[in-house]
Amino acid sequence: MYGVEDILGIEGGYRGFYSKNTMTLTPKVVNDIHKRGGTFLRTSRGGHDTQKIVDNIQDRGINQVYIIGGDGTQKGADLIYKEVEKRGLQVAVAGIPKTIDNDIAVIDKSFGFDTAVEEAQRAINAAHVEVESVENGIGIVKLMGRYSGFIAMMATLANRDVDCCLIPESPFYLEGQGGLFEFIEERLKENGHMVIVIAEGAGQEYVAQEMQANVKKDASGNRLLLDVGLWLSDKIKDHFTTIRKMSINMKYIDPTYMIRAIPSNASDNIYCTLLAQSAVHGAMAGFSGFTVGPVNSRHAYIPISRVTETQNIVKLTDRMWARLLASTNQPSFVDCNDISQGRVSGETNNVISSTKISNS
């Protein structure tokens, strides 16, 4: 539309800029990539050399850079933009938010989130079928969500077969009144089975304490998470067979990478088109250092620095979490220890308390 014909694809993430991994992109080359999962250009983890990247941009005579990715990728895009600005280069830098975790701040939703929530339904449905077929069946489904529990929350709300949803933003405890063990026992007596959805980042403090594990990080500096799903399965099994002397059937499903690897659904395909067109129009209009995305349902241009200031997380004081508590009838898992130790604010506790739903 703008008469731009020379388009270069950088392979392997940021490292591709200075490892010379590139390909020429034409309409024919990218004709059916929306029907594939994963990333056509491939990706990588780890830090990058901003100076080298901008040197490469300068040497190649590139004047528009479109950077697609999540929170870490957007932070890298902001550094590239600042270096480009510092050198006074005529280069437009545009960010496109793509992460299934939906943890990019300011915008309503990131590309890939809808598809992930939809695919998670298959795992939850499988867990429900399995636990319905046995006596005292307990199914645990672990979904992605390192720091943000959006996939787990929305998948739970969409499914209606989930009895309990555990996310990183909401601390939970196992034993005692109002704890998870008590709730599980109540549900088993009531229904004979139970499905629990847990985000991968939930309960990590308990797992680390019990396993006395050292905090390790990946190449990008993210903390390597321990398998909370397996840990929770073992804890539930031990409690009910050893302490409560109950026979239970545990089913654990981990579809973590399955929900990330599938092709995008119709909703995300349309959304992707809107993001792409917005990014191109913004760059051609002369803007730079921006990310595109809907804000209160209106597509907007946002400075990259603003979307990288914080991470988007589930707010326990928002209506959506209150709707989830009403849907599952699960405990809020807020006790006096959480408040005294500063893990849950007084305001959060008041809102949660006011939204409690009775079992009657």
Side-chain angles (χ1 to χ4, degrees), residues 100-103 116-134 136-159 161-175 179-185 187-188 193-216 218 222-242 246 248-262 313-314 324 328 330-331 333:
I100 67 169
D101 287 342
N102 198 36
D103 60 356
V117 170
E118 188 172 308
E119 182 65 10
Q121 301 303 303
R122 293 177 60 192
I124 296 171
N125 289 336
H128 188 243
V129 168
E130 285 292 324
V131 299
E132 268 195 323
S133 306
V134 292
N136 288 337
I138 301 174
I140 294 178
V141 180
K142 186 183 80 172
L143 299 176
M144 276 189 163
R146 180 181 291 271
Y147 303 111
S148 304
F150 286 104
I151 295 177
M153 178 177 74
M154 298 306 279
T156 295
L157 280 167
N159 192 272
D161 286 330
V162 178
D163 297 280
C164 186
C165 176
L166 304 172
I167 60 174
E169 297 90 333
S170 179
F172 67 93
Y173 55 97
L174 300 176
E175 299 174 356
L180 184 60
F181 289 155
E182 182 185 73
F183 181 61
I184 291 173
E185 191 167 344
R187 276 297 157 97
L188 289 180
H193 62 269
M194 181 173 189
V195 175
I196 299 170
V197 167
I198 186 167
E200 61 181 334
Q204 283 295 318
E205 65 275 18
Y206 304 131
V207 191
Q209 280 173 11
E210 193 150 315
M211 295 185 174
Q212 296 181 335
N214 294 322
V215 176
K216 295 180 181 178
D218 64 15
N222 296 314
R223 183 164 57 100
L224 288 173
L225 301 180
L226 300 164
D227 194 332
V228 69
L230 279 176
W231 171 83
L232 186 58
S233 297
D234 290 340
K235 296 297 286 185
I236 292 171
K237 198 182 298 180
D238 288 347
H239 175 81
F240 284 97
T241 55
T242 309
M246 283 175 63
I248 62 166
N249 284 285
M250 289 296 308
K251 308 292 181 183
Y252 176 45
I253 297 176
D254 182 358
T256 302
Y257 292 104
M258 289 174 63
I259 69 170
R260 194 173 75 169
I262 64 163
I313 61 170
V314 174
L324 182 137
T328 61
Q330 70 188 62
F333 298 114

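The shown structure was predicted, so the numbers you read here are calculated from the model rather than taken from an experiment. Only this structure's heavy atoms are used, side chains among them; waters, hydrogens and symmetry mates stay out.
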- Item | Contacts of L174 that satisfy side chain to side chain contact (heavy atoms under 4.5 Å, CB included) - sequence neighbours left out | F172, L180, F181, W231, L232, K235
Taking [X] for its side chain and [Y] for its backbone only, find out whether a donor-acceptor pair lies under 3.5 Å.
{"X": "N249", "Y": "N136", "value": "no"}
{"X": "E119", "Y": "M258", "value": "no"}
{"X": "N125", "Y": "Q121", "value": "yes"}
{"X": "Q204", "Y": "L226", "value": "yes"}
{"X": "E200", "Y": "G145", "value": "yes"}

- Task: Any chance you could lay out the side-chain contact (heavy atoms from CB on, under 4.5 Å) test for I184 and I196, step after step, and finish with the verdict?
- Result: CA-CA 9 Å; I184 291 173; I196 299 170; 4.0 Å; yes
Minimal non-hydrogen separation, [X] against [Y], with atom names:
{"X": "A127", "Y": "V141", "answer": "CB-CG2, 3.6 Å"}
{"X": "M194", "Y": "C164", "answer": "CE-CB, 3.9 Å"}
{"X": "K142", "Y": "P255", "answer": "O-CD, 3.1 Å"}
{"X": "I236", "Y": "M250", "answer": "CG2-SD, 3.9 Å"}
{"X": "F333", "Y": "L166", "answer": "CE1-CD2, 3.7 Å"}
{"X": "T328", "Y": "F183", "answer": "O-CZ, 4.1 Å"}

How many angstroms lie between atom [atom1] of [X] and atom [atom2] of [Y], to the nearest 0.5 angstrom?
{"X": "I259", "Y": "I100", "atom1": "CD1", "atom2": "CD1", "value": "4.5 Å"}
{"X": "E175", "Y": "E182", "atom1": "CD", "atom2": "CD", "value": "12.0 Å"}
{"X": "S233", "Y": "I248", "atom1": "OG", "atom2": "CD1", "value": "9.0 Å"}
{"X": "I124", "Y": "L143", "atom1": "CD1", "atom2": "CG", "value": "5.5 Å"}
{"X": "K237", "Y": "H239", "atom1": "NZ", "atom2": "NE2", "value": "15.0 Å"}
{"X": "K251", "Y": "S133", "atom1": "NZ", "atom2": "OG", "value": "8.5 Å"}

- Query: Which is it for V134 and H193 under the side-chain contact (heavy atoms from CB on, under 4.5 Å) test, yes or no, and what are the steps along the way?
  - Reply: CA-CA 8 Å; V134 292; H193 62 269; over 6 Å; no
- Query: Can you list the residues that meet the salt bridge (Lys or Arg N to Asp or Glu O under 4.0 Å) rule with D234, with sequence neighbours excluded?
  - Reply: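 Applying salt bridge (Lys or Arg N to Asp or Glu O under 4.0 Å) to D234 gives none.
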- Message: Before you tell me yes or no, could you show the steps for F150 and D101 under side-chain contact (heavy atoms from CB on, under 4.5 Å), namely the whole-Å CA-CA distance, both residues' side-chain angles and the distance that decides it to 0.1 Å?
- Response: CA-CA 7 Å; F150 286 104; D101 287 342; over 6 Å; no
- Item | Of D163, I138, I140, T156, the residue whose pairing with V195 passes side chain to side chain contact (heavy atoms under 4.5 Å, CB included) |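 With V195 as partner, D163, I138, I140, T156 yield a single side chain to side chain contact (heavy atoms under 4.5 Å, CB included), made by D163.
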- Note, M246 side chain near L188 side chain (heavy atom, < 4.5 Å): yes
- Message: Quick one, E118 with I262, criterion side-chain contact (heavy atoms from CB on, under 4.5 Å). Give me CA distance, side-chain angles, the key distance, then yes/no.
- Response: CA-CA 11 Å; E118 188 172 308; I262 64 163; over 6 Å; no
- Query: How would you list, by chain and number, every residue that makes a side chain to side chain donor-acceptor pair (under 3.5 Å) with N102, sequence neighbours excluded?
  - Reply: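 Partners of N102 by the side chain to side chain donor-acceptor pair (under 3.5 Å) criterion come out as none, since no residue qualifies.
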